[in-house]
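Down below is the structure, laid out as structure tokens.
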Protein chains: 2
Amino acid sequence: MKPPAKAELRRHSIAAELIAVLVAATNGQPRVMTIDSGNALPSGPFELGHRSLQSGLRDWVEQQTRHPLGYIEQLYTFADRDRAGDDAHRVISISYLALAREGQAESADKATWRNWYDYFPWEDHRDGTPPALPEIIVPQLNTWAKAADNTLIRSERQQRTAVAFGLDGHSWNEELVLQRYELLYEAALVEEAHRGRVKNPTPSVFGPAMAADHRRILATGIARLRAKIKYRPVVFELMPPTFTLLQLQRSVEALAGRLVHKPNFRRLVEQQELVEETGAMTADMRGRPAKLFRFRHDVLAERAVAGTKLPVSRA
Amino acid sequence: MKPPAKAELRRHSIAAELIAVLVAATNGQPRVMTIDSGNALPSGPFELGHRSLQSGLRDWVEQQTRHPLGYIEQLYTFADRDRAGDDAHRVISISYLALAREGQAESADKATWRNWYDYFPWEDHRDGTPPALPEIIVPQLNTWAKAADNTLIRSERQQRTAVAFGLDGHSWNEELVLQRYELLYEAALVEEAHRGRVKNPTPSVFGPAMAADHRRILATGIARLRAKIKYRPVVFELMPPTFTLLQLQRSVEALAGRLVHKPNFRRLVEQQELVEETGAMTADMRGRPAKLFRFRHDVLAERAVAGTKLPVSRA
DNA sequence: ATATATATACTCATTTGGAGCATATCTCCT
DNA sequence: AGGAGATATGCTCCAAATGAGTATATATAT
């Protein structure tokens, strides 16, 4: 079979949308760029004038947020009919993960940086397991699991819940952000599962919904970033030119949503030769002044795609 | 900024194409499904009638190859204008990696399974480094690198070549399939770089071109699969229901393009409890009969997305 | 019988990864 | 002035994972 002719291709035309999960890490908190008062991610249609998907994305984000993009990586392409929102005009959503340092310049469209745990309160385990997990979320998921009429579906739901939320024997895996969100969606605990129906008046424990499936895309981005910081030195895209090892550690912890062992973190960073001293020290800090480091940009060339791992302990 | 209205979205309509890298492993060789006498990957337009991207892909592949798809995972979405082929009517290509067991049923469209090393001869290191690498490919890349007028570009080209092909100090990394292909493309050593111009009459060392950018997509799929077999038990999607440990090892080696240490391979497979004995033994083989195993499907549920690693040694 | 090919088991050294302890040097508060 | 609290930095210890080698068992082919 030959590729279809041009005329035939056009007949199947469909709109394509570009969506960005733009992440920063500021003062030890993970941040995500939103528009529309925190209700949506920056996005816009892919147009014939765009040179490439990436440049189209840059255009839209910089126009909507006046914030430049640094590192960019493709996340996923969605086209689910049932999740699109109200009616079914077909749109393909091509999502990207973008990393940057938080700047000022919030502009039109009510572009604002938000703490991403506003949208996923159950994902932040830096101060231990959030109380809402054992007290509210897990019980409600269990109720949902037991509500299945079929024994098979019931045990499958319980199995998935246990793996995703680290129950009976399983340990918490911070990378399963998307699986957890999908479970909450299936269990209709999250507001966007009721789209079109009753508006849930209690945002509290489950966080606020976002437009269309933007919260799912955000979950995808967080999951990808949490996985990636372990084997690629992407954190440095989020750091200022010069930083202390503790600041670096705090950024990693912010993204991972869990604490790491300080001595081991330092050991790994130094033995991997990811950073070099600037010679300067911090001042105006509370404790003992710390050495300032900068990222060794040449390692990007040297090891390039190869393995460069930062620790995020598993227990 | 609100999401654009429906009418506005339609104005930016663009065609979307689904492309599959369908992989099997047969008799210790990696196989890829092609159509048009090995000239293209199975593909077809995404249509309004398709329930989802995945189901659209299944429809096209099964229609073109009469071969059912098993495991499916999204690879990447392309829209580069310059790589599209001849003229510039805009198409978005959404590519997938699919795994299956090689079946009979080759049908219309000249659908055939091919050894993927036909297209990437330099990627098979199971019998040691292919002679063409040091003798032809690397020298030609060095010539290309030196031909840059700018010193910076020159050293950047040499650096990239060294990392990708494991030269001076760097070791061969089997995952860098795409980087290697891209270098060969940039250096115009690969036929498709001459598209529209002179047809290179010597396919030999650099393998044959494919339609449009299908060879690049194949490289993307191989790279993804080589990375994935190390931390997810996907090889089993390619195995028959029952197999010996050596057959399993040969499949891993076929995909990775390098040999693994047999005792260590067995140790890992067994201690991870990925397989269980069937009780039966092989017959009709040359050496000592081997136990037959089957994959323990419950580990997919248990550990799900968690880490399950198969070894492909690094040295 | 012997060569050859495969299966299977075991050992050893090194590296990696998680966790704890000890000490040093600041600021801030009383 | 002195102590509390916070941060920085260095070192040790142990257990698990990993890479590599060796030895033995059981089949087929000639």
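Every value quoted in this text rests on a predicted model; they were computed, and no experiment measured them. Every chain is numbered from 1, with letters handed out A, B, ... down the list of sequences.
Here the straight-line distance linking atom CD1 of A:Ile72 with atom CG of A:Leu97 works out to 9.5 Å at 0.5 Å rounding. Note that the CZ atom of B:Phe236 and the CZ atom of B:Arg296 stand 10.5 Å from one another [nearest 0.5 Å]. Between the CG atom of B:Leu218 and the OH atom of B:Tyr119 there is a distance of 8.0 Å, given to the nearest 0.5 Å.
Taking atom CG of residue A:Leu248 and atom P of nucleotide D:dT9, one finds them 13 Å apart after rounding to whole Å. Between the C1' atom of D:dA17 and the CD atom of B:Glu270 lies a distance of 17 Å, rounded to the nearest Å. Between the CE atom of A:Met281 and the P atom of C:dT25 there is a distance of 10 Å, rounded to whole Å. Between the P atom of C:dT8 and the CG atom of B:Leu292 lies a distance of 10 Å, rounded to the nearest Å. Computed from coordinates, the A:Arg250 CZ to D:dA6 P distance equals 12 Å when rounded to whole Å. Going from atom CZ of B:Arg266 over to atom P of D:dG19 covers 18 Å, rounded to whole Å. Here the P atom of nucleotide C:dT16 and the NZ atom of A:Lys230 are 19 Å apart, to the nearest Å. Across the protein-nucleic acid pair, A:Leu268 atom CG and C:dG18 atom P stand 9 Å apart, rounded to whole Å.
Looking at every heavy atom in both residues, B:Glu174 comes nearest to B:Lys230 through OE2-NZ, 2.6 Å.
With contacts defined as side-chain heavy-atom distances shorter than 4.5 Å, the pair B:Leu274/B:Phe293 does not qualify.
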Quiz item: In B/S/- notation, 5' to 3', how is nucleotides 21-30 of chain D contacted by protein heavy atoms closer than 4.0 Å?
Solution: BB--BBBS--

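Residue contacts for A:Leu245: at a heavy-atom cut-off of 4.0 Å it reaches no nucleic acid atom on any strand shown. B:Lys262 comes within 4.0 angstrom of a base, heavy atoms only.
With sequence neighbours excluded, the residues forming a ring-ring contact (aromatic ring centres under 6.0 Å, His included) with A:Tyr76 are A:Phe78, listed by chain and number.
No donor-acceptor distance shorter than 3.5 angstrom exists from the side chain of A:Thr129 to the backbone of A:His125, with no hydrogens or angles considered.
Applying the 3.5 Å distance criterion, the base of D:dG19 shares a donor-acceptor pair with the side chain of B:Arg267.
Of all nucleotides present, only C:dA1 satisfies the Watson-Crick or G-U wobble test against D:dT30, with each distance under 3.5 Å.
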